[in-house]
Amino acid sequence: MEYYESQAIEAKWQSVWEDAGAFSVPNPVLGETPPERHFYMLEMLPYPSGELHMGHVLNYTLGDVVTHFRRRTGWTVLRPMGYDSFGLPAENAAIRERGHPREIVERNIVNIRRQMHRLGWAIDWDRELAAHEPEYYRWTQWLFLRLLEAGHAYRREAPVNWCPNDQTVLAREQVVDGRCERCGAEVEARQLEQWFFRITAYADELLADLDTIDWPERTKAIQRNWIGRSEGAEILFRLDELDLDLPVFTTRADTLFGATFFVLAPEHPLVPRLVVGTHAEEEVMRYVRRNAARSAAERIDPDEEKTGVFTGRHVTNPATGEPVPVWVSDYVLMEYGTGAIMAVPAHDERDFAFAQRFWLPVRQALAARDAEPSDGGGYVPHGSDEVLVESGDFSGLPAEQGRSAIVEWLRGLGCGAPSVSFRLRDWSFSRQRYWGCPIPVVYCAACGIVPVPDSELPVLLPEVENYRPKGEPPLASNEAWLHVPCPACGEPGRREAETMDTFVDSAWYFLRYTDPDDAEAPFERELVDYWLPVSQYIGGIDHATGHLLYSRFFVKALNELGLVGFREPFARLFHQGWVQFDGSKMSKSKGNVIGPDDLVEAYGADAVRLYILFMGPADEDMEWNENGIEGMARFVRRLWRVVNEAAASPAGDAAAESPLARKAHATIAKVTDDVGRRFQFNTPIAAIMELVNELSRAPADPAARFAAETAVSLVQPYAPHVAEELWQRLGGERLWEQPWPVADPAFLERDSYELVVQVNGKTRDRISVPADLSDEALIARAEASPRVRAHLDDHAVRRTIVVPRKLVNFVL
RNA sequence: GCCGGGGUGGCGAAACUGGUCAGACGCGCCUGACUUAAAAUCAGGUGUCCCCGCGUGGGGCAUGAGGGUUCGAAUCCCUCCCCCGGCACCA
């Protein structure tokens, strides 16, 4: 028997698969009845900002096992791959390496593609795409224009997050703890005109539809938190002097009688109107200006004492009819609710702190059911069983009842109504950077924002002399490109020089895979409706509030436009854990990236693939540890030796009943259940190891050959190269398309089994009994055991529990 | 503070709907075989404590802590501690 040569075997089979087009999946022919059992297996596409690391290896090997398993259990599997090649990660890599982003990105793609081939992943390479290619981004632009027409994309001035290092606007989803997700620089607040997608229009649906998809609970929880739906009421406070009604949003209308002052956010548009011409004007406007200059980090510092300024105005509390003073303070956020609040210091910590600071009155409106109402002046946190007090006719009502009663009453008076508020903000997607998809509009003095006609797409990303970030969009420096006639009136116009966030590119790529060469449309409705929603999506949980939310929004909007027939992109989602090294997740900036190349060269792709999945549960974080891979290489060599020996010996009787035959069938059942139902990938490897161990101990068993075939067949999704080679040596061919083995129940049903005999719940003996004994017979056998007898002694048995096929328990 | 996930040997982990003395499989470690030697390979051992007649012996304790339900709990319930993640001046 030859020595196991991983490099030669892997190269051999990779070229066999390529020649056979083994993993290419044609689309169904439109109009004909397509295969019913089809499966869309998708993993998040990589940024070509460097090479693959072990995190990618885990991600794509998982997808690969699922792909092979589904293919061999009778499914038609679409499993494509592409590159998220536009955007900051790729551009920053280019800056580091001092080259043009396109050249760097394309070089990285070549390298990543080589690594993917070397690992032997079963990808349909005919469907490869990259976001930076005009054939792709033409359709990103086309989809943008459809969203623009539908009013889902718009431009407005708004407070935005600005990264001073990357010199661009960031979406809220790209700011983590006040810092840029990419570079870690502290984010500044800026007031800028920007492009937004109206994702808030789908807030309710994005929340509700989480119940319709099979996603990890924690991911749903993250999205629910992010969307942040609050039910409450909008209440109008009358400002008679100026004939204004100021709305507030509150979730605690039951505390209305305790509202003793009123606060506006500094950015509230009515603030100047309230104070113009009064002697408060100067002080208030100074406060507003000073506040606008404060950084976001300063504003949200919880340790800082509250600041604020009185406007000199009063509004009327609609419940009490009393005037309450109107203040301006930055603890009220313009982006949430109405940018104004009714302050109830007795029942809100923040309002209380503000009242203390400025000597404002505190009035209690709720009290624990049995408590004496206190004489006021204190802060009373919300309890579980409280009733309204000092609240007119509503006094005595339980809080929740009082809340709806007050809202109902206000509604009758025309100054209140139930209302819902969200934390979610519209998605800011324009970037002042070079390496992104150009936004296809032209600014015209006469016509305003004019879309570039579909027929002129794509608007190609122009060459510029210096693409480095400088605050101004780099595209604007190419004057020849910038100045074009207005598509509507023909007068001189100016192109949009900002580019799109890379998350726009990835919000629809999974649709393009269905028809990547379509030159007439981004995709065919019939094809996307056939393949989508994605049957199984696999990727990092770090995209929970970004990509995964944006893609859901895109699909909902495209559904409304009639472009797709479904409302959720990813039916099932799985997150692989982080592969960490030195206690933190692998990243280039930390210099702790472990790539697969050296390992593949030393141990072969099969051992690397097996090891990354054997390390632990795939959805839990794992610390990269190279010690064990030697053990996995040992297993592959052992498999090689044992199967080669079995192949050389006489075939034996496949139907023979033997311990090894039973083990083989049990292993089939275990691996099938783990991969197919439980989505658990480490335990199947352990089960196959057990089978191989048992085979190596019983090489003369009549089922030895069957056990060898079974082990090879079951290990194929994990280690496809060595499996294919061994399969051939066993006399088979094209294992990648062989039906998945099926466990024969006759081998799983045993004639006898080990009955556990317990006394007072402690196992005292295990005896072999025939499978079909009655309860009474089982008890008799159990009682006969000498070991059990010793424990029964002369005690009286009070109760006997019999669990058929498992145990007998005597309770004394 | 609110929401979600988790805590099992020296290490990575198993135990799937409460039921085979919890710890499969692997790493590491120990012993032995082969070898001049080492590596590789193969065989055996390895939670912890105690008892003895030293055996394919007997017993106790062990799944973050404490309580409960149950004939029986890593698994279900309650209280608490710790770790990870999300949200948080969101009214």
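In what follows, chains are A, B, ... by sequence order, proteins preceding strands, each numbered from 1. Model, not experiment: these values are computed from the prediction.
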Given the [atom1] atoms of [N] and [M], what is the spacing between them in whole Å?
N	M	atom1	answer
B:rU41	B:rG26	P	13 Å
B:rG9	B:rU46	C1'	10 Å
B:rA73	B:rU56	C1'	30 Å
B:rA22	B:rC78	C1'	25 Å
B:rC50	B:rG12	C1'	31 Å
B:rG7	B:rA91	P	32 Å
B:rA74	B:rG60	P	16 Å
B:rU35	B:rC54	C1'	34 Å

From [options], pick the nucleotide closest to the side chain of [X]?
X	options	result
A:A221	B:rG4, B:rU20, B:rA13	B:rG4
A:N225	B:rC89, B:rC27, B:rC87	B:rC87
A:Y331	B:rA14, B:rC89, B:rG28	B:rC89
A:E217	B:rG12, B:rG4, B:rA24	B:rG4
A:F614	B:rC87, B:rA40, B:rG12	B:rG12
A:Y336	B:rA91, B:rC87, B:rA14	B:rA91

Are [X] and [Y] within salt-bridge range, i.e. N to O under 4.0 Å?
X	Y	answer
A:E181	A:R179	no
A:D204	A:R229	yes
A:E645	A:R641	yes
A:D701	A:K663	no
A:E231	A:R403	no

Just say parallel, tilted or perpendicular for the rings of A:W427 and A:Y550, cut-offs at 30° and 60°. parallel

Taking the inter-plane angle between the rings of A:Y331 and A:F354 on a 0 to 90° scale, is it parallel (under 30°), tilted (30 to 60°) or perpendicular (over 60°)? tilted

Within the 3.5 Å criterion, strictly below it, is a donor on A:Y718 or A:T61 matched to an acceptor on the partner's side chain? no

Whole-Å distance separating the NZ atom of A:K220 from the P atom of B:rC3: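 Whole-Å distance recorded here is 18 Å.
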
Given the structure, check if the side chain of A:N809 and the base of B:rC71 hold any donor-acceptor pair shorter than 3.5 Å. yes

Report yes or no: is there a donor-acceptor pair, N or O only, under 3.5 Å between the side chain of A:R224 and the base of B:rC87? no

May I ask you to verify if any side-chain N or O of [X] is less than 4.0 angstrom from the OP1 or OP2 atom of [N]?
X	N	answer
A:R638	B:rC42	yes
A:N682	B:rC25	no
A:R641	B:rA40	no

Dot-bracket for RNA chain B, please. Rules: Watson-Crick or G-U, both distances under 3.5 Å, ( ) within the strand, [ ] when a pair crosses earlier ones, | for another strand, . otherwise. (((((((..(((......[.....)))((((((.......))))))((((((..).)))))..(((((..]....))))))))))))....

Going by a 90° cut-off around 0, is B:rG68 syn or anti?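 It is anti.
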
